[in-house]
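Beneath this line is the structure, given in structure tokens, with notes to follow.
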2 protein chains.
Amino acid sequence: MPRAPTTLDAFNAVAEPKRRQVLDMLAQGERPVNDIVHTLGWPQPQVSKHLGVLKKVGLVSERRSGRQRLYRLNGAQLKPIHEWVKTFERFWQHQLERIKARAEQKLRESRGPQRELPQEKERKQ
Amino acid sequence: MPRAPTTLDAFNAVAEPKRRQVLDMLAQGERPVNDIVHTLGWPQPQVSKHLGVLKKVGLVSERRSGRQRLYRLNGAQLKPIHEWVKTFERFWQHQLERIKARAEQKLRESRGPQRELPQEKERKQ
DNA sequence: TTGACATATTCCCACATGGGAATATAATTC
DNA sequence: GAATTATATTCCCATGTGGGAATATGTCAA
């Protein structure tokens, strides 16, 4: 099985940095394709393709106006990413406490393996 | 140019749902590989490979203890994702206000294209 | 040493990728 | 209708993928 398609979900779509740039632009408001092309300086087909991926996962929507196609951000589709990553906040907040925790950890390590591994050991031996 | 390697950064590493599961497990504490294997029920080589990717982007670190390798989450590497996605919070918060905003938007649309597109028009005509 | 256990590595494959280039489609203007 | 503008689509390709299967490496125990 190859890597999941970029169009599978927001996680995959957003892994590509250029698509994040496009979303950053659209966060400021609805934009026609050529606006993105000129602002970011990428070839037009490339922009259209990236927009196509973003549209497929619902991160943007498209509206026609004359020959222009106006793309609008649908930020709500990013919520699952936010929700998931938010559960890890504690790992970079309270930096001082973390430094302390690390020091304690090192102490524990220097006294040999502990705590988190016994599950396996207890079960098997 | 093919898709960026999964080992390029946290965004790419985390696009794979199974790797997110592994991180979720490690959020509870340091774990030996076999613990993950048994808990998630995946083939051991698969687990090792995913851990390898996570290690390469710095999302986990590894410590040896006897024949076991203990993996520990390094959650701080997720911070860039959190920081980026956080800038879009306003798009799903204040839901009532958003509904109102949408109604206004529809009104604007019904009166024809507006506001966000003139940049292009003004420049070119 | 031999065997058992814990984990990593290698080889394989079908597949989707992002970019470049060229071209197609659609709407507007003349 | 023809030219122009705005955007999308198609074709190409080198590359990395995740999973399966088999095997290698490393460590402990008898």
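By convention in this document, chain letters (A, B, ...) are assigned in the order of the sequence lines, proteins followed by strands, and residues within each chain are numbered from 1.
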TODO: Determine whether the side chains of B:H50 and B:E16 contain a donor N or O and an acceptor N or O closer than 3.5 Å.
DONE: no

Task: Student check: side-chain heavy atoms of A:I81 and A:F11 closer than 4.5 Å - done: yes

Open item on the list: Is it the case that the side chain of A:R20 and the backbone of A:A15 share a donor-acceptor pair, with hydrogens and angles ignored and the cut-off at 3.5 Å?
Closed with: yes

Open item on the list: List the residues meeting salt bridge (charged side-chain N to carboxylate O under 4.0 Å, His left out) with B:K56, not counting sequence neighbours, and say none if there are none.
Closed with: none

TODO: Looking at every strand, decide which applies to B:P43 at a 4.0 Å heavy-atom threshold: base, sugar-phosphate, or nothing.
DONE: sugar-phosphate

TODO: Figure out the CG/P separation between A:L51 and D:dA6, and round it to whole Å.
DONE: 16 Å

- [ ] Can you tell me the distance, in whole Å, between the CD atom of B:Q44 and the P atom of D:dG26?
- [x] 15 Å

- [ ] Take atom CZ of A:R63 and atom P of D:dA6, then tell me their distance rounded to the nearest Å.
- [x] 17 Å

TODO: Measure from OH on A:Y71 to C1' on D:dA6 and round the result to the nearest Å.
DONE: 11 Å

Task: Rounded interatomic separation in angstrom, taking CD from B:E62 and P from C:dA6 - done: 16 Å

Open item on the list: Taking the side chain as everything from C-beta on, heavy atoms only, tell me whether B:L51 gets closer than 4.5 Å to B:I36.
Closed with: yes

TODO: Grab the CD1-C1' distance between B:I36 and C:dA6 for me, whole Å please.
DONE: 13 Å

TODO: Tell me whether the OP1 or OP2 atom of D:dT7 has a side-chain N or O from A:N34 closer than 4.0 Å.
DONE: yes

- [ ] Show the numbers, then the answer: is there a salt bridge (Lys or Arg N to Asp or Glu O under 4.0 Å) between A:E30 and A:R63?
- [x] CA-CA 9 Å; A:E30 200 180 38; A:R63 170 169 81 89; 2.7 Å; yes

Task: Nucleotide D:dC28, atom P - distance to CD of B:Q68 in whole Å - done: 10 Å

Open item on the list: So if I define the base as every atom that isn't primed, P, OP1 or OP2, how would nucleotides 11-18 of chain C read as a B/S/- string at a heavy-atom cutoff under 4.0 Å?
Closed with: ----BSBB

TODO: Find the distance A:W42:CH2 to C:dG19:P and express it as a whole number of Å.
DONE: 8 Å

Open item on the list: Does the protein touch nucleotides 24-30 of chain C at the base, only the backbone, or not at all? Give it as B, S and - per nucleotide, heavy atoms under 4.0 Å.
Closed with: ---BBS-

